[in-house]
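What follows is a set of notes on a single structure, which appears directly below.
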Amino acid sequence: MAPFTRNRRAAAAFVTLATALSGCGGGDDSTGSSSEDAATPAPTPAETAAPASGGGGGVPVTEKEWAVGAPASGKAGKVTFTVKNAGQVPHELVVIKTDKKAGDLGSDQADVAGKVGEAEDISPGESKDLSVTLKPGHYALICNLPGHYKQADGTGMFADFDVR
């Protein structure tokens, strides 16, 4: 067999194997490189109730008009929030250490005393990572852009996050 033919067969076998393996894995993509479109809804509390890992772990957060979907808890240590804007307008994520519930920090905009980090200017369809070191306690995850934090009906862009 000629070297050229052997190389073509080897290349074809490699492409076939790589294609087959690319469908394996089933893990979630917490790098923010998801191909979801901007109409993807935020996760429901039932979908996000599993504890997130701390100490270098990733916490997926999905924002859209007018909700924040995030796990309810995580471990203390370095945490990276991967924030996906699944909405139609820009959003941000502010992480605040507080004893108050996330929805009780103000009206149109929240009091950000206790802020430990912020990911700003997240365009529709974009993802950003926010790495912070969290101590045990209660945190609020909010979008504090004017009119985003809290709506007249009491809903809004906030979620409680407990760290153990």
Side-chain angles (χ1 to χ4, degrees), residues 25-164:
D28 77 34
D29 178 10
S30 60
T31 64
S33 60
S34 172
S35 62
E36 297 177 38
D37 64 44
T40 303
T44 63
E47 294 171 326
T48 60
S53 61
V59 177
V61 177
T62 302
E63 295 183 316
K64 70 171 193 162
E65 299 78 34
W66 306 110
V68 173
S73 63
K75 294 180 183 176
K78 184 177 179 186
V79 174
T80 299
F81 293 95
T82 298
V83 188
K84 168 75 174 172
N85 182 348
Q88 301 296 316
V89 300
H91 294 297
E92 68 179 6
L93 179 72
V94 183
V95 179
I96 303 166
K97 184 162 183 15
T98 180
D99 291 332
K100 295 180 181 180
K101 291 286 189 183
D104 294 338
L105 301 176
S107 54
D108 178 51
Q109 286 188 288
D111 175 4
V112 295
K115 178 174 91 170
V116 296
E118 181 174 5
E120 300 177 293
D121 304 320
I122 308 169
S123 298
E126 183 181 41
S127 293
K128 283 194 177 179
D129 288 341
L130 170 62
S131 293
V132 292
T133 300
L134 302 180
K135 295 179 181 178
H138 178 74
Y139 293 81
L141 309 178
I142 68 167
C143 177
N144 208 30
L145 294 175
H148 292 213
Y149 169 66
K150 202 156 189 189
Q151 306 299 299
D153 65 2
T155 62
M157 296 191 69
F158 54 84
D160 291 294
F161 187 73
D162 292 309
V163 175
R164 298 186 270 289

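Throughout, residue positions are numbered sequentially from 1 according to the sequence presented.
Taking CG of N85 as the start and OG of S123 as the end, the distance is 7.5 Å to the nearest 0.5 Å. Considering CZ of F158 and NE2 of H148, their distance stands at 14.0 Å, rounded to 0.5 Å. To the nearest 0.5 Å, atoms CD (E63) and CD1 (I142) are separated by 10.0 Å. Taken to the nearest 0.5 Å, the OG atom of S107 stands 8.5 Å off from the OH atom of Y149.
Legend: residues meeting side chain to side chain contact (heavy atoms under 4.5 Å, CB included) with V132, ordered by chain and number and at least two apart, are F81, L130, L134.
Put simply, the side chain of K64 never gets that close to the backbone of Q88: no donor and acceptor are under 3.5 Å apart. In this structure a side-chain-to-backbone donor-acceptor pair under 3.5 Å is missing from D160 to A140. Here the side chain of K128 pairs no donor or acceptor atom with the backbone of E92 at under 3.5 angstrom.
Residues T80 and V59 form no side-chain contact, since every pair of their non-hydrogen atoms from C-beta on lies 4.5 Å or further apart. The shortest side-chain heavy-atom distance between P60 and K84 does not fall under the 4.5 Å cut-off. Using a 4.5 Å heavy-atom cutoff, the side chains of M157 and W66 are in contact.
Between A86 and T62, the shortest heavy-atom distance links the atoms CB-CG2, 3.7 Å. A pairwise comparison of heavy atoms in S73 and R164 identifies OG-NH2, 3.0 Å as the closest pair.
Side-chain contact, H91 with E65: a donor N or O sits under 3.5 Å from an acceptor N or O. A donor atom on one side chain and an acceptor atom on the other are found under 3.5 Å apart for T82 and D129.
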Scan the side chains in residues 94-106 for donor-acceptor partners under 3.5 Å anywhere in the protein, sequence neighbours excluded, and list what turns up.
residue	atom	partner	partner atom	Å
K97	NZ	P136	O	3.4
T98	OG1	K100	N	3.0

